[in-house]
Chemist: 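Here's a structure for you.
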Amino acid sequence: MMTQKPRNRITQQDVARLAGVSVAAVSLVLGGKGRISPQGVERIYHAIDQLGYRSPSSSSVTPLPRIGVLLMPGCQFATDLLPDLSQGLQGAGFSLLLYYANSQTLLEHAGQLLAQDVRAIIVCGKLLNASPEMLKALSARAIARHVALIGVGEHYHPGPVTTVHPDNAQAAHQAVEAFLHQQHCHIAYLGGESHSLVRAERLGGLSLALGKSGVAFSPSLSQPCAATFEDGFRSTAQLLKQNPKISAILCDNPTVLLAAHYALAEGLQTSKWRLFSRRIVLAGFGKCEELVKQSLPQILPCHDALTARAIECLHAQLAGDPLLPDDPRLTVAPTGISPSLCATLKAG
């Protein structure tokens, strides 16, 4: 039987060979860089565990403190956040260990991170929607190991994992103020699933902004729909036919904004819908290259600000400063939206 190499002689080439990936992929995963498929990451870490590989170090170099990052495959928020988060952590002097997990394997992957002596664990996006019992167990394990634990999510989370999140209500509030500045009072909200907490927070900000101007928000001006072009196109027509006085629409995501733009443009070109023979103003949340090409207004996500605040809160926890769910440091305010952001569509 072949004798296994001594642990200190196992190389990244050995790991790559066993995992069936390139050496570059192993290097990227260990360095927390690049975008490797969840399946590839799993194979690499399985090979690392099986071989007992440890990253080489020398007595003259102090290893960087490790930060574990957990995210769910298919979570767009976490995928978009990861490049900024990775760069921010490395710039702050941390080494990043990235694991993909789901709500069933969250504790298992967290345990693997704890076994690698991480200083902190960051839970991203939809993983924060795991059951309260599982998140409580994760928090208890982190406390027992004196490891900092923080989340970065799309909305406010009152659960056991303190979470840095954007101020969705304030972002919508500022967008509506831009509409009101252009004398638009009949403002609708289009898109988002009916159960979406992000959507609920934005509707709260919209309603508050209107209320301050003496305008009551009607629930009929809120039209949920799936984030597909077809549903967005159809819902735009339905919303405007049911509410002919609408002059401004705030869209939940880039797909819906693009669909609303084309629905309005088609109505204007064919003159099939007389209700489109008026000025309609659009703005939407999210980032998309196609929106830039169409000169459509985007309320951009603040991933860099979320990353900076997460690292700030991480340092606070590592220094022994506890963070409660209502700590103001957890809420990231929007950078500001000027009235010029709102593009207009006008009938010919």
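Just so you know, these numbers use all the heavy atoms, side chains as well, and skip hydrogens, waters and symmetry mates.
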Chemist: Less than 4.5 Å apart, side chain to side chain, heavy atoms only: is that true for V147 and L149?
Modeler: no
Chemist: Do any N or O atoms from the side chain of N168 and from the backbone of E154 form a donor-acceptor pair under 3.5 angstrom?
Modeler: yes
Chemist: So how far is it from Q50 CD to L18 CG, rounded to the nearest 0.5 Å?
Modeler: 5.0 Å
Chemist: Please round to the nearest 0.5 Å and tell me the distance separating atom CG of L89 and atom CZ of F94.
Modeler: 7.0 Å
Chemist: Kindly give the heavy-atom pair with the smallest separation between F179 and V281, and that separation in Å.
Modeler: CE2-CG1, 3.3 Å
Chemist: For a side-chain hydrogen bond (donor to acceptor under 3.5 Å, both in side chains) check, start with the C-alpha distance between H186 and S247, then their side-chain angles and the critical distance, and finish with the verdict.
Modeler: CA-CA 6 Å; H186 296 88; S247 64; 5.4 Å; no
Chemist: Checking side-chain contact (heavy atoms from CB on, under 4.5 Å) between C124 and each of L128, L127, I122, which is the one that passes?
Modeler: I122
Chemist: Thinking salt bridges, do E133 and K136 make one under a 4.0 Å N-O criterion?
Modeler: no
Chemist: With no hydrogens and no angle check, is any side-chain donor or acceptor of T236 less than 3.5 Å from a backbone partner on G232?
Modeler: yes
Chemist: Count I, L, V, M, F, W, Y as connected when their side-chain heavy atoms are under 4.5 Å apart, and connections chain through other members. Are L203 and Y156 then in the same cluster?
Modeler: no
Chemist: Same cluster or not: V176 versus L208, using hydrophobic residues (I, L, V, M, F, W, Y) connected whenever any side-chain heavy atoms lie under 4.5 Å apart?
Modeler: no
Chemist: Please step through side-chain hydrogen bond (donor to acceptor under 3.5 Å, both in side chains) for the pair D304 and T307, ending with a clear verdict.
Modeler: CA-CA 5 Å; D304 54 345; T307 291; over 6 Å; no
Chemist: Are Y262 and L296 joined in one hydrophobic group, where the rule is that I, L, V, M, F, W and Y side chains link up if heavy atoms are under 4.5 Å apart?
Modeler: yes
Chemist: Hey, does V152 have a side-chain heavy atom less than 4.5 Å from the side chain of L81?
Modeler: yes
Chemist: Are C313 and L330 side-chain neighbours, meaning at least one heavy-atom pair lies under 4.5 Å?
Modeler: yes
Chemist: Heavy atoms only: give me the nearest A130-L135 pair and the separation to one decimal.
Modeler: O-CD1, 3.7 Å
Chemist: Show the numbers, then the answer: is there a side-chain contact (heavy atoms from CB on, under 4.5 Å) between L264 and L240?
Modeler: CA-CA 10 Å; L264 291 171; L240 290 173; 3.6 Å; yes
Chemist: Could you go through the side-chain contact (heavy atoms from CB on, under 4.5 Å) check for L221 and S218 one step at a time?
Modeler: CA-CA 6 Å; L221 296 176; S218 171; 4.3 Å; yes
Chemist: Main chain of I246, side chain of N243: is a donor-acceptor contact present, judged purely on distance under 3.5 Å?
Modeler: no
Chemist: List the steps, then state whether side-chain contact (heavy atoms from CB on, under 4.5 Å) holds for L190 with S235.
Modeler: CA-CA 8 Å; L190 177 63; S235 295; 3.7 Å; yes
Chemist: Examine distances only and state if a side-chain atom of T105 and a backbone atom of E108 form a donor-acceptor pair shorter than 3.5 Å.
Modeler: no
Chemist: Can a donor-acceptor pair be found, under 3.5 Å and without considering hydrogens, that links the side chain of R145 to the backbone of L114?
Modeler: yes
Chemist: Is there a donor-acceptor pair under 3.5 Å between the side chain of E177 and the backbone N or O of A209?
Modeler: no
Chemist: Under 3.5 Å, side chain of R202 to main-chain N/O of D252, donor-acceptor pair present?
Modeler: yes
Chemist: To check you understand the geometry: which heavy-atom pair defines the closest contact between A310 and I150, and what is its length?
Modeler: O-CD1, 4.2 Å
Chemist: Count I, L, V, M, F, W, Y as connected when their side-chain heavy atoms are under 4.5 Å apart, and connections chain through other members. Are F229 and F285 then in the same cluster?
Modeler: yes
Chemist: Do R119 and P65 have side chains that get closer than 4.5 Å, going by heavy atoms?
Modeler: yes
Chemist: Quick check for you: to the nearest 0.5 Å, what is the distance between L98 atom CG and S86 atom OG?
Modeler: 8.0 Å
Chemist: Is a donor from one side chain sitting under 3.5 angstrom from an acceptor on the other, for R199 and S222?
Modeler: yes
Chemist: Identify whether the distance between the nearest side-chain nitrogen and carboxylate oxygen of R329 and D321 falls below 4.0 Å.
Modeler: yes
Chemist: Given R43 and V21, is the side-chain contact (heavy atoms from CB on, under 4.5 Å) satisfied, shown in steps?
Modeler: CA-CA 8 Å; R43 292 201 304 272; V21 298; 3.5 Å; yes
Chemist: Would you kindly say whether Q116 and Y99 are connected by a side-chain donor-acceptor distance under 3.5 Å?
Modeler: yes
Chemist: Hey, could you give me the CG/CG distance between L180 and L210, rounded to the nearest 0.5 Å?
Modeler: 6.0 Å
Chemist: Using side-chain heavy atoms (C-beta onward) and a distance below 4.5 Å, is P301 in contact with K287?
Modeler: yes
Chemist: Determine whether L197 and V256 fall in the same hydrophobic cluster, where Ile, Leu, Val, Met, Phe, Trp and Tyr are linked whenever their side-chain heavy atoms lie under 4.5 Å apart.
Modeler: no
Chemist: Can you see which heavy atom on L314 is nearest to which on A148, and at what distance?
Modeler: CD1-CB, 4.2 Å
Chemist: To the nearest 0.5 Å, tell me how far Q223 CD sits from I249 CD1.
Modeler: 10.0 Å
Chemist: Counting N and O atoms only, with roles assigned by atom type, does the side chain of Q317 sit under 3.5 Å from a partner on the main chain of P322, one being a donor and the other an acceptor?
Modeler: no
Chemist: For residues H155 and H165, determine if any side-chain heavy atom of one lies less than 4.5 Å from a side-chain heavy atom of the other.
Modeler: no
Chemist: Under the side-chain contact (heavy atoms from CB on, under 4.5 Å) test against F77, which residue among L71, V198, L306 passes?
Modeler: L306
Chemist: State, yes or no, whether a side-chain contact exists between D80 and H303 at a heavy-atom distance under 4.5 Å.
Modeler: yes
Chemist: Determine whether a donor-acceptor pair (N or O, by modelled atom type, separation under 3.5 Å) exists between the side chain of Q298 and the backbone of C288.
Modeler: yes
Chemist: Checking ring-ring contact (aromatic ring centres under 6.0 Å, His included) for the pair F233/H261: CA distance, chi angles, key distance, verdict?
Modeler: CA-CA 8 Å; F233 193 99; H261 166 70; over 10 Å; no
Chemist: Would you say N253's side chain and G286's backbone share a donor-acceptor pair under 3.5 angstrom?
Modeler: no
Chemist: Less than 4.5 Å apart, side chain to side chain, heavy atoms only: is that true for L113 and L97?
Modeler: yes
Chemist: What are the two closest non-hydrogen atoms of A260 and C251, and how far apart are they?
Modeler: CB-SG, 4.2 Å
Chemist: Would you call R66 and D117 a salt bridge, taking side-chain N to carboxylate O under 4.0 Å as the test?
Modeler: no
Chemist: Distance check, rounded to the nearest 0.5 Å: L250 atom CG versus L282 atom CG?
Modeler: 10.0 Å
Chemist: If you compare all heavy atoms of V161 against all heavy atoms of G151, which two are closest, and at what distance to 0.1 Å?
Modeler: CG1-N, 3.7 Å
